[in-house]
Amino acid sequence: MMKSATKSDMIRVTCKINGKEYSGLAEPRTLFVHFIRDELNLTGTHIGCDTGHCGACTIFMNGKSVKSCMVLAIQAQGADITTVEGLADGDKLHPIQEAFWENHGLQCGYCTPGMLISGLFLLQRNPDPTEDEIRRGIEGNLCRCTGYVNIVKSIKAAAKKMQSEGGKSARSM
Amino acid sequence: MATVMELVKESEVQWVGQPLKRKEDPRLITGLGKFVDDVKLPGLAFASILRSPYASAKIKRVDVSRAEKAPGVICTLTGSDVSKLTDPFLQISSAPANKVKDYCLAVDKVHFVGEPVAAVVAETRAEAEDAMELIEVDYEPEEHVLDARKALEKDAPLVHEQVGSNLVFHGKWDYGDIEDAIRKADRVVNAKLHFHRFSSTPIENNGVVVNYDRATGFLNIYCNNQMPMFCIPWLSFGLKFPSNKIRMITGDIGGGFGTKIISYPYIALICLLSMKAKRPVKWTEDRREHMFANHGNERSFDVEVPVKKDGTILGFKVSAFDDCGAYTRYEPAGATIWAQVSPGVYHFPNLKVDFFQVMTNKAPVGPNRGYSRMQHLWMIERTVDIIAKELGLDPADVRLKNYVRSDEMPYVTPSGGIYDGGDYSESLRKAMKLIDYDGLREEQARARKSGKLIGIGIATAVDSGTNNFGQVKIITDDNPFSGNSEAARVSIDGLGQFQVGLGTVPQGQGHETFAAQIVADEFGINPDQITVLSGFDSAINPYSHQSGSYASRSAVMGTGALLGATKKLKEKVAMIAAHLMKTLPENISFSEGNVVDKQTGKKMPIWQIANVAWVNNVLLPEGMEPGLVALNFWRPNFTLPDEKWRLNQTLTYSYQTHIAAIELDPESGKFKILRYVIVDDCGTQINPMIVEGQVHGAAAHGIGAAMFEEFNYDENGQLNSNTFIDYLVPSAVEIPHLITGHLEIPSLFAPKGIRGVGEGGGTPLGAISNAVEDALAPFGLQITDSHQNPQHIHKLIREKISKLNQVR
């Protein structure tokens, strides 16, 4: 059994999330996904499996897509993070969000935050992916509602939208 | 016979039929969805559940003293506490299986690995989990049984001793004269088949937050249960708590697929913990916990089918052994639900099913997408291909020969089901065209010459929806359930704004969107002008005690309830309008947010009528009550089972044809899908985009189950596949592109001709089993299991080769 942390064992973690500085207390063992959800109250990032397989907790960490259940909160010290809450520009949806909405790329919406981030990370590296590349790009994200057909379609549509606006929204997250 | 509904004329339909973008999506794509684990309340404490490591064991001692002293711990609860505080949950079995004592924590014995034994509440989830490990339990392991047929043997260990047997239910469905058909047959085809254990494993696990409010005496329950109001009798009698102070609330639900129906034991447990802790308590199931306790029915079959040389099927004689695991709960409903689709899509008059439902020391089962029908339909579809092979006929031809014909609709099945329209032959022909069946057969022949194994598999399944609860009276007439019902409320507030509330409990099916489309057409307004309440809250939403989203019922039941509510509301608006406009109510029509006098063409905006109805009410017709709120309860026209258990068990019968083309590698037993085609017919489509999504999702579940997903127990009753590491949920790489086609033949009985859609009847299990056997045809191997595991296929091939070598 792990010894329960007392207040003095808590470590202050400060990081930038969605362009804003956040700070909170975490035990050394606290997973980053719990820190984001419970301490910082950003509940858009979801938990589905505890073993790093489902991808519902995917976020951008220093520009790369990362499963936040596989990162300790203290490892995020000083990191630059984007979660699903940070994809839209104010009220203006990100093209990949628009594409998921227009192409029915989601049903229950539980895997969606992770799918959006993995999809966007793919498009940043490969702005014009083939169907096969899209499928491989989201291999680490599980969805049980859509059968992936409309997710693939949404990412394809997002690629088109992002290309037509000159790659503006492909900025690193 | 059900009443034939008058179909809406094409010209009147505006929003129904449009692929409207969903109203619920903006919150879900921006991270603002509200799922049960997102619920935070002041003073919230967290629960953790200790679970059994044994398949069967006596509980000798539970010691929580060390746990109670652990940091942050508020309270604990054991089976012994629960047996004093609560009554066992209601059982819907007949005697003696109704003697099963089911509590929210095991009392003196554990019956499966993963059964809850004790619980802890602490200030944080981590502290609760730490303390849980300090609970000491002494077990005395007992003999267990893991196989349904073995569980019926005379000296089998008993899962629940007080029942005296492991048999839950034994029923005989016997129609026509199967023995006579066997005598007259050219041939009798036999098969022994097994349908494996799996589950839809939604990405969001179960969760419950309970705030017992001591001031009001209310149990405020936030959960992701799919039929929360159906839980009320179980919670109220179990907890001995008045039902009128139980409030059920759901928000967004991260997928359900049936697996979130039987969560009332967890809900009851968290209620007890909140009452004991005097704090709001949250429990969020983790993935391993979910895998240990949410399974679908496993079933094996002995099948005998009399056939004619030309492929005519004369009947089916089946013995079925259904393994429902350690508790019956919603079972034995599953022991009757398969009979919704007793002959599948086929026309045969003689049917005999001897059905046994049996308890074993495995996880309890419950509804799971295609519940109980998919096992039966897979058995039929697998057998049809075996028949074709034995007779040397093409499986497509055998199907076309035996399908119920479109000119026989509405077709009454041997067990009293009334199929509500459709054209199965056309569905198969369309699917064959989409996949280029003839071309594929040629390709297959060429491939075989070069040693490549290509297989083609067809399956057609009935996807029944909107169940008649009267089916549980087959189990025992004492069960106080029958029919089905749903509630809707449509209101126009004093400023003329529309609001809709439904009793359905969506988990991603887009109810806010479809409800707005239905109501928009009725009032001639835009769906954007209608707010549909999201989630479900028994203190806010209208409901019936059969409300919820299960059995592919929500679009049909929701539409039925909504149309009743809009009719009432329109009548009242028309009466007020006629009074104000000095005309007759029958002259009033609705268009673009106005009421219109059809005779004079004079218009008045609805908001002006709303103003009069609510706050300018001196202007109302004399004696009329103020307000513009219409509440409606709707039920389809159902009957009870007759003496031969014949009844129409569902209102609608969608159907799907799937064809899979695969290539199998004989060296490894692995195979990949080359092409996959689906043709579905769910009648009138309210929102084709949502329908298409449901069809894709159901197909992916079936493909996953057929190829990857299996709950696998070892001989000690330990579940080997208990995380996503070893229970393989397919990703976008494994699921192929799905080619779809649709028929839209309206339901003869349901409102607007809509049929339920979403479960898909487990059709891919049949298509893939059949494709694998077809690929293996050069080896002459038979597929008898619904799960196509490469190791197993490889073993079959090796055994066959070594047998052939011995002969040489």
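In this structure, CG on A:Asn141 lies 9.5 Å from OG on B:Ser731, to the nearest 0.5 angstrom. Here NE2 of B:His696 is found 11.5 Å from CD1 of A:Ile151. Values are rounded to the nearest 0.5 Å. Going from atom NE2 of A:His53 over to atom CD1 of B:Ile203 covers 12.0 Å, rounded to the nearest 0.5 Å. Rounding to the nearest 0.5 Å places CD of A:Glu27 at 7.0 Å from CD of B:Glu127. With rounding to the nearest 0.5 angstrom, the CD atom of B:Glu24 is 10.5 Å from the CH2 atom of A:Trp101.
Both the backbone and the side chain of A:Asn41 come within contact range of chain B, judged by heavy atoms closer than 4.5 Å. With a 4.5 angstrom heavy-atom cutoff, B:Gln507 touches chain A only via backbone atoms. For B:Lys40, the part sitting under 4.5 Å from any heavy atom of chain A is the side chain, from C-beta outward, and nothing else. Interface remark: A:Ile134 contributes no atoms to any contact with chain B (heavy atom separation under 4.5 Å). Residue B:Arg27: no heavy atom, backbone or side chain, is found under 4.5 Å from chain A. If you measure heavy-atom distances from A:Tyr110 to chain B, the contacts under 4.5 Å come from both the backbone and the side chain. Looking at B:Phe724, both its backbone and its side chain come within 4.5 Å of chain A, counting heavy atoms on both sides. Within the 4.5 angstrom heavy-atom criterion, no atom of B:Thr740 approaches chain A. Looking at A:Leu106, the atoms closer than 4.5 Å to chain B (heavy atoms on both sides) sit in the backbone and in the side chain alike.
Taking the side chain as every heavy atom from C-beta outward, B:Thr723 and A:Cys49 never approach each other to under 4.5 Å. In this structure the side chain of B:Lys21 reaches within 4.5 angstrom of the side chain of A:Glu102, judged on heavy atoms.
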Working for salt bridge (charged side-chain N to carboxylate O under 4.0 Å, His left out), residues B:Glu709 and A:Arg144: CA-CA 13 Å; B:Glu709 302 172 42; A:Arg144 301 247 60 179; 2.6 Å; yes
Trace of the side chain to side chain contact (heavy atoms under 4.5 Å, CB included) decision for A:Gln107 with B:Gln509: CA-CA 6 Å; A:Gln107 289 180 28; B:Gln509 301 95 330; over 6 Å; no
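For the set B:Ser200, B:Gly255, B:Gly256, the count of heavy-atom pairs under 4.5 angstrom toward chain A peaks at B:Ser200. Of the residues considered (A:Asp38, A:Asn103, A:Ile96, A:Thr30), A:Asp38 shows the highest number of contacts with chain B, using heavy-atom pairs under 4.5 Å. For the set B:Asn205, B:Ile690, B:Leu32, the entry with the most heavy-atom pairs within less than 4.5 Å of chain A is B:Ile690. Ranked by heavy-atom pairs shorter than 4.5 Å toward chain A, the options B:Pro730, B:Ala700, B:Pro506 are led by B:Pro730. Contact tally against chain B (heavy-atom pairs below 4.5 Å) for A:Asn150, A:Thr45, A:Val152: the top residue is A:Asn150. Between chain B and the residues A:Ala56, A:Cys108, A:Cys145, the most heavy-atom pairs under 4.5 angstrom are made by A:Cys108. Between chain B and the options A:Arg37, A:Glu85, A:Arg136, A:His46, heavy-atom pairs under 4.5 Å are most frequent for A:Arg37.
Heavy atoms only, all atoms of each residue included: A:Arg135 and B:Ile735 are closest at NH1-O, 2.7 Å.
Listed by sequence position, B:Asp286, B:Arg287 are the residues of residues 281-291 of chain B in contact with chain A, using a 4.5 angstrom heavy-atom cutoff.
Tested against A:Thr112 for a side-chain contact (heavy atoms from CB on, under 4.5 Å), the candidates B:Asp25, B:Leu28, B:Ile29 yield a single pass: B:Ile29.
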